[in-house]
Structure formats: structure tokens, C-alpha cells
Amino acid sequence: MDIKHIADIRPSKRQLKWQQLEFYGFIHFGINTFADREWGLGTESPSLFNPTELDAVQWVRAFASAGMRGLILTCKHHDGFCLWPTKYTDYSVKRSPWRGGRGDLVREVADACQQYGLKFGIYLSPWDRHEPTYGDSERYNQFYLNQLEELLTGYGEIFSVWLDGACGEGPNGKRQVYSWDAYYRLIRRLQPDAVISVCGPDVRWCGNEAGKVRPEEWSVVPAALQRAERVQEKSQKVDDGRFGREISSQDLDLGSRKAIAGIRDLVWYPAEVNTSIRPGWFYHSSEDGKVRSLCELLEIYFGAVGGNAVLLLNVPPDKRGLIHENDAARLQELGDYLRRLFRDNLAARARFTYSTTAPGWEGRPYWRAPDGVEQAEIEVDLGAAKTFDTVVLGEAIELGQRIEAFSLSILQDEEWQEVYSGTVVGYKKIGRFEPATARYVRLSIKESRYFPTLKTFELYLRPRLPDSVR
Ligand code: FUL
């Protein structure tokens, strides 16, 4: 494929809508919360599940305070315990003392999300340690489809179906062959706007659980990466507490011209970064003092959201059924910081001059260079000298991902001085540098694929972090 056609690979409508969410939360909650485990065995008694103060509204408000726009709930983790009263197994909240066995946590969370305007997504673990049909491939696939159907039809709009590739059966364990295609078909039929993530064709797992993105996160990558079996291979296989902090350097470059040279089958498959605010995915009181600092969370946020990926941050409710005070405070701090940072775009009233513009594209909501023009300069007059240390750039990804290299300069004493340079932009790039003061700023697009576009150009000055919250 030549570069013109590669650059023309575009997101689906559902991928575009999903990308615009930017930041949403993960809830790991279930029998493990009460058994104090990460991977339950599937044999824990449902009588353990007894949150005494469960309040899904408190969860959703805490997530919203951080600026999250959605939430994905572990409706069933690997232990097989279901948070809704499914018809297909008794291993669920129905058998627990919580709400007298009449509770439906999926409903409570979905309703709370709706009330606060957050999108709701589901995690339904394919690996199931409790379900007796697991390993009897056809029967289990039917069981899994039945459960999916319940979740996709009973709880309103679902924005993401998160298919985890983890499996700890090991070489001598049960062998389940998942009918991924049948799962996908059902999801498409019942929730056509939902993205299918990780072991699915719409959203690519970034490949680690430590919160790291690649230095260049391309959304156009080889189609082979979409194969669920490949994702499974790379997913967690042992519950030893290490996986969540490991960063593998394999496949560091998935989408540069060099990486995709000669590959004929390329697709739009954008990245999601999933990580936890604590060492574990589930709540453990022993980790109350190990909630990630604001600094760490900001690094993760800037890396992921500011690196052409979306961020899925896990915050696990405790045994009471509440987001613990420490995590809730951190979410609020994060949201406060981000709101302060992005309040005042110093380029909001700037004048933009483009070295070139595609015919007929003047005055459109975003800029586009003419066909075949891969380099361009954009001069920005801020009207008066301003001090900034953060640039936010965004391409019109509905026309593909195109920018490969850029630099940002300021005019000082009649000379252009570079303050920042980067490679890919994609949906969003947040670049941070030492504070610079200038009236005139220039963005040079140095390399791009067939023609660049630009939808977002913003400048900010980052608030200082109070020493107390570092
Ligand atoms: C992993 C699982 O094994 C963890 O328990 C957690 O659910 C994480 C999000 O995915 O693969």
C-alpha cells in the first residue's frame, strides 16, 4: 500500500466517538474484594459478598470529579461470580446476603452512570474458573453468549465491551476455544455503537498494565494485531502481582513507515492504556497507603491522553462498597488540576496563518494542506506576549492519522527558537516544555503522510503542584 492510501485509513464512527471520551474509569469489584484476592479461585462462597454501605452514586461522582467520562464495571471476573442476577448460573449476587439477595449491582452502576452523564461499559471475563462448562468449548460459548445478551439488553446503552485475554489455566488446565466471532456478532447486533476492546477489533490494548504508552502511538497498525489469540498470548497468565507493573519493550514501534513497510493489511486500531490507581486491580486494605500520587497520575494522563491513546484508570471500591477516602481525594485532586490546567487556552483568540491550505478549505473548522504537500508551517499570533509551557495539538482523525514529525518554535529577538519537537500527533498530543514567553509561535509540520490536517492548537501554562500533594 502506498502512503496516500495508508493515510486514508480512517476510524469507524464508533471508534471516533470512543476516542473523544479520552479518559474513563475501571471498577474491579466482586468476590475478590471480600476474599482479599486478585484472582479468585471460583470456589469462594457467595455469602462473602456483603458490602454494607454500597453506593454506586458515590463511585460515579468520584470518577466524574476526576474528569472521567465513562466507567467499565467487572460484571464478572475470572472467578465467575456475577454482579447481576443472571439466569444462567447461581454463582451471583442472588446467593449473597447483599440487599437480601435481591440486588443487581450492574443495574445500580448503570443507573448511576446515566444519572451523572457517564458512559457505561462492561467487562465480562471470558476465562471463568467457576462455570462447569468452561473448557467444553461449545457449551461454554453458549453460556458466555447468554450472559453477554443479558448485559447488552438489560442495562441501556453500553459504550465498551472489554474482552480480557487473561487466563491462568496453564498448559495442563482446561482448554476453552472461544467463539470470538460469535461474540462480536452478538455485540454488533445488540449494541452497534459499542467498541469491542482488547480481544476485539475496535480498541487495541497498549500491551502493558503499568500505564505506559509507546513513544509513538499510531492508530493505523497491521491488521494482524486484531487477532484475539495474539492478545491472549500476551495477556496475564499468572497471578503473582508482577504483571501490573511490567513494561515490555516488545513491539515498541507498531506504525511508523518502517514498521508497516510491506504490510498490506492495515487497519485503524487505536490504543487504550489500562492501569490501576493502586498496585492491585481489586481493593486490599494493605494498599490504602499505596494510592498513586498526583504526580504519577499526571504522568500517566499526559502520556496516554496526550499520546494519542485513551486512559482507562482503575479505582477499586472497598469492602464497604465505597471508593476509599484516599482514592476519592486523589481523583478530586487530579480533576481539579486538569480543570485548572485547561481552563485558559492562551491561543484561543490567536490569529493563524498557514503556509498552504487545500483549495476550498479556507474557513473550515479545521485546516488541511493540499494533496501531496507533506510539510507546512503554521504561524500563530497570540496578540501579545504570553507565557506557556504546554501545547495541545490534534489532527482531524476523521481524515486519518498523518503527522509524523513536528516542532514548535517561538520568535525571540527576531529569531525562531525551538521549544519542543515531537513525532506523532493523532487525536491528541500534549507536549510539555520549559516555560516560554512570546507573542509569535510557529508550528512546523516536518513530515506527514500525503497531507497533514490540524484541528486543535492550544497553549497553556501548567499550574504548579503544591508540595503537599506531590
Ligand atoms: C488482567 C486480569 O487478569 C486482571 O485481573 C485485571 O482484570 C486486568 C484488567 O486484566 O488481564
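Both counts, for ligands and for their atoms, begin at 1 and track the order of listing. For the single chain, residues carry numbers from 1 onward in sequence order.
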- prompt: Out of Q232, H78, K237, whose heavy atom is nearest to atom 3 (O) of ligand 1?
  reply: H78
- request: Look only at interatomic distance and state if Q236 has a nitrogen or oxygen under 3.5 Å from any nitrogen or oxygen of ligand 1.
  value: yes
query: What protein heavy atom sits nearest atom 7 (O) of ligand 1, and how far off is it?
result: H28 NE2, 2.7 Å
field: Exercise: identify the closest heavy-atom pair between R339 and A64
entry: NH1-O, 4.2 Å
task: Look at the rings of Y301 and F23 and say which category their plane angle falls in: under 30° parallel, 30 to 60° tilted, over 60° perpendicular.
output: perpendicular
Pairwise distance CZ(F26) to CD1(I277) - rounded to 0.5 angstrom: 14.5 Å
task: Could you list which atoms of ligand 1 come closer than 4.0 Å to a heavy atom of E209?
output: 1 (C), 8 (C), 10 (O), 11 (O)
Minimum heavy-atom distance G280-E38, with the two atoms named: CA-OE2, 3.5 Å
- prompt: Does R188 come within less than 4.0 Å of D202, counting only side-chain N to carboxylate O?
  reply: yes
- prompt: Polar-atom distance check: H77 versus ligand 1, any N or O pair below 3.5 Å?
  reply: yes
message: Is the shortest side-chain heavy-atom distance between V109 and Y155 below 4.5 Å?
response: no
field: Ligand-residue contact atoms, ligand 1 with F26, heavy atoms, under 4.0 Å
entry: 9 (C)
- request: Considering heavy atoms of the protein only, find what lies nearest to atom 10 (O) of ligand 1 and give residue, atom and distance to 0.1 Å.
  value: D164 OD2, 3.0 Å
- request: Return yes when Y123 approaches ligand 1 closer than 4.0 angstrom through a heavy atom, no otherwise.
  value: yes
